[in-house]
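Below: one structure, written as C-alpha cells.
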Amino acid sequence: MADVVAPISYAHAHEQHMHDLRTYKWRTPPEISRSRLLSLLVVFLADHGRCLVEAAGGTAPSAAAVVPSTKGRPGLHPLRTLIGDRLGLPWLPLAPGARPDGQSRTFQRDRFGLNDRAREWVEGRTVLLIDDTWTTGSRIQSASHTLKAAGAAKVVAVVLGRRVNPVWDEWRPILQKVRDEPFRMDDCPFHIR
C-alpha cells in the first residue's frame, strides 16, 4: 500500500473539478480542463512537495508513475501526457496486468505490472505515484502494491480529485464543511490548521 496518500481536492459529481477530471481524457480535450488540472498539480507539488517528502520519512521521490488505465485506452495515459517532463523525474512504465478487471472496485495484487528492467531500477527508491481520481482507492493501492512488490522503498501517492458522493450519508458532514470552508491552495493535507 502507499506510504502516503495526498488528495489535493474533493471532486463533487456536479461541479467543475469533476468535469475537468472527466473531459481532459477526451480524444480532443478542452484546453481549459487540461490547463486547470496541470496547474493544480504543479502548484500543489511546488507548495507542498516538501510536506510530502517529510510525510514519507524524508526521502524525495526519484521516479514517478501514473496509475494506468485498465479500460483499453491506447498509448500513454492522458495524465502522463498532460504532465510530460515537468516533474524532472524518470517515468516508470506501470501497465495493466495480464488480466486486469477494469470494473472492479477492489484491491487486486495483479491488476498492474512492471517490466523486468523497471523492476530492477525501482529497487530501494521512493516513487511518486499520481492518479486523477480516487473513488475507492483500489486502483492506486493496487498500483502501490505492484511498486512495493518490485522493491520500491516508499510510494507517495498524489490524487487530483477525491471523488465524493453527496447522496451517501457519510459524506454529508464532510461536504458541509467543504461548503463552509472553500478550497484554498495554501491548505496542506499534512498540516491541517
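Numbering of residues begins at 1 and proceeds along the displayed sequence.
A donor-acceptor pair is defined here as one N or O able to donate and one able to accept, closer than 3.5 Å; no such pair exists between the side chain of R139 and the backbone of F107.
Both L41 and L37 belong to a common hydrophobic cluster when Ile, Leu, Val, Met, Phe, Trp and Tyr are linked at side-chain heavy-atom distances under 4.5 angstrom. Residues W134 and V127 share a hydrophobic cluster, clusters being chains of Ile/Leu/Val/Met/Phe/Trp/Tyr side chains in contact below 4.5 Å. Hydrophobic cluster membership is shared by L92 and V159, with clusters built from Ile, Leu, Val, Met, Phe, Trp and Tyr side chains linked at under 4.5 angstrom.
Scanning for side chain to side chain contact (heavy atoms under 4.5 Å, CB included) contacts around T135 gives R105, T133, R163, with sequence neighbours left out. Contacts of L87 classified as side chain to side chain contact (heavy atoms under 4.5 Å, CB included), with partners at least two apart in sequence or in another chain: L45, A64, I83, L89, W91, L128, I130. Residues satisfying the side chain to side chain contact (heavy atoms under 4.5 Å, CB included) criterion with P30, sequence neighbours excluded, are T23, W26, I32, S33. Under the side chain to side chain contact (heavy atoms under 4.5 Å, CB included) criterion, E123 pairs with no residue, sequence neighbours left out.
Note on residues 59-69: no pairs pass salt bridge (charged side-chain N to carboxylate O under 4.0 Å, His left out), not counting sequence neighbours. Within the structure, ring-ring contact (aromatic ring centres under 6.0 Å, His included) contacts touching residues 64-83 (residues at least two apart or in different chains) do not occur. Residues in residues 79-92 take part in no salt bridge (charged side-chain N to carboxylate O under 4.0 Å, His left out) pair, two or more places apart or across chains. Pairs passing the ring-ring contact (aromatic ring centres under 6.0 Å, His included) check and including a residue from residues 28-65, sequence neighbours excluded, read F44-H48. The list of salt bridge (charged side-chain N to carboxylate O under 4.0 Å, His left out) pairs with a residue in residues 44-70, not counting sequence neighbours, is empty.
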Derivation and outcome, side-chain contact (heavy atoms from CB on, under 4.5 Å), residues D131 and V66: CA-CA 6 Å; D131 202 1; V66 169; 5.7 Å; no
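Across all their heavy atoms, L160 and L40 have their closest contact at O-CD2, 3.9 Å.
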Side chains of residues 140-153: which donor-acceptor pairs under 3.5 Å do they make with residues two or more places apart or in other chains?
unit_1 : atom_1 : unit_2 : atom_2 : d
Q141   : OE1    : A2     : N      : 2.8
S142   : OG     : Q108   : N      : 2.9
S142   : OG     : Q108   : O      : 3.3
S142   : OG     : S138   : O      : 2.7
S144   : OG     : I140   : O      : 2.8
T146   : OG1    : F112   : O      : 3.2
T146   : OG1    : S142   : O      : 3.3
K148   : NZ     : M1     : O      : 3.3
K148   : NZ     : D3     : OD1    : 3.3
K148   : NZ     : D3     : OD2    : 3.1

List the atom pairs, with distances to 0.1 Å, where a side-chain N or O of residues 9-16 and a protein N or O form a donor-acceptor pair under 3.5 Å, not counting sequence neighbours.
unit_1 : atom_1 : unit_2 : atom_2 : d
H12    : ND1    : H14    : N      : 3.2
Q16    : NE2    : D20    : OD1    : 3.0

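A cation-pi arrangement is present between R125 and W121 under the rule of less than 6.0 angstrom and at most 45 degrees off the ring axis.
The residues R34 and E31 are annotated as salt-bridged, a charged nitrogen and a carboxylate oxygen being separated by less than 4.0 angstrom.
I8 places a side-chain heavy atom less than 4.5 Å from the side chain of V158. Between L79 and Y24, the closest side-chain pair of non-hydrogen atoms falls below 4.5 Å. Taking 4.5 Å as the limit, every side-chain heavy atom of L94 sits out of range of all side-chain heavy atoms of V67.
Note: R119 CZ to N115 CG = 9.5 Å, rounded to the nearest 0.5 Å. To the nearest 0.5 Å, atom CG of residue L82 and atom CG of residue D132 are 10.0 Å apart.
Clustering of Ile, Leu, Val, Met, Phe, Trp and Tyr side chains at separations under 4.5 Å leaves V53 isolated, with no partner residue.
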